[in-house]
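Remember, it's a predicted structure, so these values are computed and weren't measured experimentally. Letters A, B, ... are given to chains in the order of the sequence lines, protein chains preceding strands, and every chain is numbered from 1.
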There are 2 protein chains.
Amino acid sequence: MTRKSGGASRSTIRDVALRAGVSASTVSRVLGGAYPVSSATRTRVMRAVRDLDYVADARAKAVAGVGTPTLAFVLEDITGPSFAHMAHGVEREATRLGHLCLVCSTEGDVQHELDFVEMMRAQRAAAVILVGGSADTPEYRERTRRMADSLASAGSRLVLCGRPPLGPGAPVTVIEYDNEGGAYALVAHVLAQGHRRILFLGGKPDHTTALGRERGYLAAHRARGVDADPALLLHGDFTRDSGHRLMRQALAAELEFTAVVAATDMVAAGALTALHEAGLNVPGDVSLAGYDDIPFARDLHPALTTVHVPYEELGRLAVRTALGRTAETRAEHLLLGTHVVVRDSVRAVE
Amino acid sequence: MTRKSGGASRSTIRDVALRAGVSASTVSRVLGGAYPVSSATRTRVMRAVRDLDYVADARAKAVAGVGTPTLAFVLEDITGPSFAHMAHGVEREATRLGHLCLVCSTEGDVQHELDFVEMMRAQRAAAVILVGGSADTPEYRERTRRMADSLASAGSRLVLCGRPPLGPGAPVTVIEYDNEGGAYALVAHVLAQGHRRILFLGGKPDHTTALGRERGYLAAHRARGVDADPALLLHGDFTRDSGHRLMRQALAAELEFTAVVAATDMVAAGALTALHEAGLNVPGDVSLAGYDDIPFARDLHPALTTVHVPYEELGRLAVRTALGRTAETRAEHLLLGTHVVVRDSVRAVE
DNA sequence: ATGAAAGCGCTAACAA
DNA sequence: TTGTTAGCGCTTTCAT
């Protein structure tokens, strides 16, 4: 029987050894770098390597204890701009640190997330980074804590990046940014412009990111002694379409408001279009603000006032923190700051 | 001496065997699934597995010949919306097909790309997908062809997704979308509205994606018997900032034009802002069109006329094609169609 | 139904 | 400087 169709089955270290007329260990040593090898053999070996186009099997090396370390990250959907920026940070930093990067989109499916983490445990990933908000239910904590424990017991580490922290003592690293603080500052800014009825276009009611921003909205009202009308708090998700739909509903319901604060820039974008479609001028008739400061925010018309979140830095930091530590049980919690970026979409009320 | 600090070093199949009072092979069989094992031992083994929170080392399994297949993809920057959509398609499809997904951003660095592909060869990845345009130089073909060959000889396959094909005979799969055709249709549409001087905001002069779109622009002019003024062809890159800058330059140089076609929606976004900043009305004073049809395009004001590219489908298809074939030497080339999406940013000239 | 042993491709400790 | 041998953690014959 001839060779398996579909290409020369890859050559092994023994093939190389044979061809170079040396032992496998010698080949290993030559390839391994700094090791005393006579330059004659070295040349012969290298030639054989080149001839055979040989690369050592990384998995086998891993088993033998000298593998390329791997890092995994999990997110809902790489398509969301803020996710993409976090992912970018994670990937860049991981690569910089010599790690391979495994990704997984869960599409919001919890079981999928669980399965993937299990695979990563099997892969002996150095760390698993869970990116993006989530509902903070007891079930979430329970489940995530179990992940953290089993990862830790496998010598790996769980990192939550922009995701709710667990109780104390869980072996996780949490890197968050201040949703509540950012929203507080933003809404305070809007209130300072004289607005008193501010529509809030939120995300899923139990999603921590959305929730934090909502809390900031409420807190700012309280701090200014303004009553926040509950009717002005709408819920959807973080997509452009959600913003569009919610805005239309608000308009159709003839809700009264002079300003709109959207939970994300994407939501704001959809809302802006709905506003335009209704013949309203922004910020002439109604002010609008977003959250995230994605690059596109500048190109909306008017340019969107929003809150800047250092997403890429967040990702980088997550990796550095995760890899910078031994898999000790100590928990860790970092909170990154955000700041308001004032552009043209919010105007003082007359 | 006690355990290595930093967590119980992961347990092996032998630990499980010991605890269950069976041999390693039995554990393997139980975990392996369909194999005759007495339900008594099965229970004992499973219990030990649970107690130890054991997961078989995927790398070791791989060496033994039963690994999870892996697929890798490489792109310049996940942050670009169209890249992100391709990436999403790739990841979803790969996962669906039971493959692990490795990613790498090259940031445009060729050496980085080469290094990464080499790693993937070492990982015995089933396929490597290169995503996104590139300069189509002889050096590119040479280098890429070498990748393709060495991947093929390792039983793996190279896929070019939206990237220039190599000469005939190279063991690659190419999935492209029709840049020239899309641009042709778009520019023909703009010309049909009576515009005769159309500014083109292009990408890097040698980048195939940019080039294809430029060719379409030119071809449409030719077809309509309109002379395309070379002064109207500007070059930059695919970012929002590039569009912004180029547009400002064009305005400052007092170039004459009644319409602008941007090489991507991101470029169009930047250009739109520059136009607004200059006090120009779109499409009243000047018409504008983009390319890619990213979700955001609808939320620009006016909503952007553009060319729809099935990016996600492109990614999925790339994976399916790559995995659907044995690593035979046969080349393959698929070309996906695009279509113009007419919105509000192009108006007939009076 | 189960265990012992060989082997996957590699590295490393030990000899020579 | 180099080869031999013993692992790494797993699967899979081959016996029993």
For this session: Could you pick out which residue, B:V37 or A:V66, lies toward the 5' side of DNA chain C when each is mapped onto its nearest nucleotide?
Result: B:V37
Can you name the residues that form a salt bridge (Lys or Arg N to Asp or Glu O under 4.0 Å) with [X], not counting sequence neighbours?
X      : answer
A:R96  : A:E93
A:D136 : A:R141
B:E76  : none
B:D109 : none

Problem set entry | A:L18 CG to C:dG9 P, straight-line distance once rounded to whole Å | 14 Å
Problem set entry | Whole angstrom value for the distance that separates P of C:dG9 from CD1 of A:I13 | 11 Å
Please list all pairs meeting salt bridge (Lys or Arg N to Asp or Glu O under 4.0 Å) that have one or both residues in [range], counting only residues at least two apart or in different chains.
range                       : value
residues 22-50 of chain B   : B:R47-B:D51
residues 145-155 of chain A : A:E142-A:R146, A:R145-A:D149
residues 116-131 of chain B : A:D53-B:R121, A:D57-B:R124, B:E118-B:R121

Problem set entry | Estimated bend of the helix from C:dA1-D:dT16 to C:dA16-D:dT1 (axis per five terminal pairs, rounded to 10 degrees) | 40°
Sort me out a list of protein N/O and nucleotides 3-7 of chain D N/O pairs below 3.5 Å, or just none if empty.
residue, atom, partner, partner atom, Å
D:dG3, OP2, A:S23, N, 3.0
D:dG3, OP2, A:S23, OG, 3.2
D:dG3, OP2, A:T26, OG1, 2.5
D:dG3, N7, A:R29, NH2, 2.6
D:dG3, O6, A:R29, NH1, 3.1
D:dG3, O6, A:R29, NH2, 3.4
D:dT4, O4, A:S25, OG, 3.1

For this session: Output all residues satisfying side chain to side chain contact (heavy atoms under 4.5 Å, CB included) with B:A64, sequence neighbours left out; order by chain, then residue number.
Result: none
Exercise. Partners of A:V131 by side chain to side chain contact (heavy atoms under 4.5 Å, CB included), sequence neighbours excluded?
Worked result: A:L75, A:F83, A:M86, A:I129, A:C161
Exercise. Under 4.0 Å between a side-chain N/O of A:T12 and OP1 or OP2 of C:dG9, yes or no?
Worked result: no
Exercise. Donor-acceptor pair, A:T12 side chain versus A:R14 backbone, under 3.5 Å?
Worked result: yes
Seminar exercise, completed: Residues in residues 50-62 of chain B with a heavy atom under 4.0 Å of DNA chain D, by number, are B:Y54, B:A56, B:D57, B:A60, B:K61
